[in-house]
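Written out below as structure tokens is the structure these notes cover.
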Amino acid sequence: LASNVTGTLPTANGGTGATSFTKGKILNVYQAQTNTAQDITSTSYTGIGLAQAVTPTSSSSKFLLMPKVHYSTFGGGEGFNLKILRAISGGASTDINAFPTNGAYLRYQDATANHYDYFSYDWLDEPSTASAITYTIQVKVNSGESVKFSGYNSQTYSMFTILEIGA
């Protein structure tokens with residue numbers, strides 16, 4: 001691999017506008033899993049059993065956060081949003097990925113059919129600390145509809161994989 005990658009990172013959604021990037025090394029890999037079914041009807045964010053504690057190797061470590069959440073919807077009209085919280089050394093939690101919450105859900109089904117799928121995305125966090133961190137996944141649904149997460153028929157898992165990246 002080349003020592004640098006060139007291109008431009010957009011400034012939207014937290015991008016830096018940087019034009020070159022130095023490759024990093026994977027220092028640690030963490031993964032939380034659950035197959036405990038949860039039927040979420042709350043329009044407020046709530047946990048779904050996916051949290052992972054990490055201890056950075058240094059304050060310059062970055063974390064690639066990769067949730068992969070199994071969900072099931074039945075009958076249409078269901079949608080959900082998902083966010084990742086970061087709590088440093090047991091302190092207050094901070095929402096680190098500010099997706100739109102004005103009705104723009106990450107997943108929405110408007111047909112009248114059942115749907116079973118995985119939803120995933122990647123998020124790079126640069127916490128600038130060497131203190132212990134806990135990352136937690138939370139979800140909310142729209143209009144009090146029901147979305148089932150993980151454990152459908154005790155067979156599906158949701159996972160939260162975290163890679164610690166160092167220089």
Side-chain angles (χ1 to χ4, degrees), residues 1 5 7 9-16 21 23-56 61-87 93-111 113-127 133-143 145-166:
L1 289 176
V5 177
L9 184 63
T11 56
N13 297 321
T16 62
F21 313 91
K23 67 180 180 176
K25 299 175 185 130
I26 297 174
L27 302 177
N28 288 297
V29 177
Y30 303 89
Q31 187 177 70
Q33 299 178 356
T34 183
N35 74 335
T36 302
Q38 295 206 29
D39 187 359
I40 304 295
T41 58
S42 177
T43 57
S44 298
Y45 282 102
T46 186
I48 56 170
L50 285 175
Q52 180 63 53
V54 302
T55 301
S61 289
K62 299 174 185 179
F63 292 90
L64 182 58
L65 311 172
M66 300 177 292
K68 187 171 188 175
V69 176
H70 187 272
Y71 65 94
S72 306
T73 57
F74 306 96
E78 298 96 353
F80 67 89
N81 205 351
L82 182 145
K83 70 178 180 178
I84 301 172
L85 298 176
R86 175 184 61 210
S93 293
T94 302
D95 178 357
I96 62 169
N97 60 321
F99 287 112
T101 58
N102 58 351
Y105 286 86
L106 293 174
R107 172 67 176 104
Y108 184 77
Q109 176 185 329
D110 60 5
N114 298 342
H115 192 83
Y116 313 87
D117 205 350
Y118 278 94
F119 181 84
S120 63
Y121 64 93
D122 299 334
W123 190 267
L124 184 63
D125 186 34
E126 300 180 49
I133 301 168
T134 300
Y135 291 104
T136 305
I137 305 284
Q138 289 189 336
V139 300
K140 71 175 183 175
V141 300
N142 65 308
S143 304
E145 297 294 332
S146 173
V147 178
K148 292 182 179 13
F149 292 92
S150 310
Y152 184 74
N153 289 333
S154 300
Q155 298 173 354
T156 59
Y157 281 81
S158 289
M159 295 144 283
F160 186 22
T161 304
I162 301 172
L163 303 179
E164 180 182 5
I165 315 266

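The first residue of the sequence shown is numbered 1, and numbering continues consecutively from there.
- Taking the six-membered ring for Trp and thresholds of 30 and 60 degrees, Phe63 and Tyr135 have ring planes inclined between 30 and 60 degrees apart.
- Taking the six-membered ring for Trp and the full ring otherwise, Phe119 and Tyr71 have centroids separated by 6.0 Å or more.
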*Do Ile84 and Phe160 pass the side chain to side chain contact (heavy atoms under 4.5 Å, CB included) test, and can you show the C-alpha distance, the side-chain angles, and the key distance before you say yes or no?*
CA-CA 10 Å; Ile84 301 172; Phe160 186 22; 4.2 Å; yes

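- Between atom OG1 of residue Thr161 and atom CG of residue Asp122 there is a gap of 9.5 Å, rounded to the nearest 0.5 Å.
- Defined by atom type and a distance below 3.5 Å, a donor-acceptor pair is missing between the side-chain atoms of Gln138 and Thr46.
- Put simply, the side chain of Thr41 never gets that close to the backbone of Ser146: no donor and acceptor are under 3.5 Å apart.
- Across every non-hydrogen atom of Lys148 and Asp39, the tightest pair is NZ-OD2, 3.2 Å.
- Taking 4.0 Å as the cut-off between side-chain N and carboxylate O, Asp125 and Arg86 count as a salt-bridged pair.
- Interatomic distance, CG of Leu27 versus CG of Leu163, reported as 10.0 Å (0.5 Å rounding).
- Atom CD of Gln31 and atom CE of Met66 lie 8.5 Å apart (nearest 0.5 Å).
- Side chains of Lys140 and Ser44 form no contact here, defined as non-hydrogen atoms less than 4.5 Å apart.
- Residues Leu50 and Ala32 approach most closely at CD2-O, 3.7 Å, considering heavy atoms.
- Side-chain contact check for Ile162 versus Val54: some heavy-atom pair is nearer than 4.5 Å.
- Remark: side-chain polar atoms of Ser158 are paired, donor with acceptor, to backbone N or O of His70 under 3.5 angstrom.
- Contact of the Val69 side chain with the Tyr118 side chain is not registered, since no non-hydrogen atoms from C-beta on lie closer than 4.5 Å.
- Distance check: Ser93 OG to Lys83 NZ gives 8.5 Å after rounding to the nearest 0.5 Å.
- Separation of atoms OG1 (Thr43) and CZ (Phe80) is listed at 15.5 Å; rounding is to 0.5 Å.
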_As a quick check of understanding, evaluate side chain to side chain contact (heavy atoms under 4.5 Å, CB included) for Ile40 and Ile48, giving each step before the final call._
CA-CA 9 Å; Ile40 304 295; Ile48 56 170; 4.2 Å; yes

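- Counting heavy atoms from C-beta outward, Asn28 and Ile26 have side chains that stay 4.5 Å or more apart.
- Every residue meeting the side-chain contact (heavy atoms from CB on, under 4.5 Å) condition with Ser120, not counting sequence neighbours, appears here in chain and number order: Lys68.
- Rounding to the nearest 0.5 Å places CD of Gln33 at 6.5 Å from OH of Tyr157.
- Between the side chains of Tyr45 and Asn81, a donor-acceptor pair is found at a separation under 3.5 Å.
- For the residue pair Ser150 and Asn35, no side-chain donor N or O sits within less than 3.5 Å of a side-chain acceptor on the partner.
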_If you apply the rule side chain to side chain contact (heavy atoms under 4.5 Å, CB included), what do you find for Leu64 with Trp123, and how did you get there?_
CA-CA 6 Å; Leu64 182 58; Trp123 190 267; over 6 Å; no

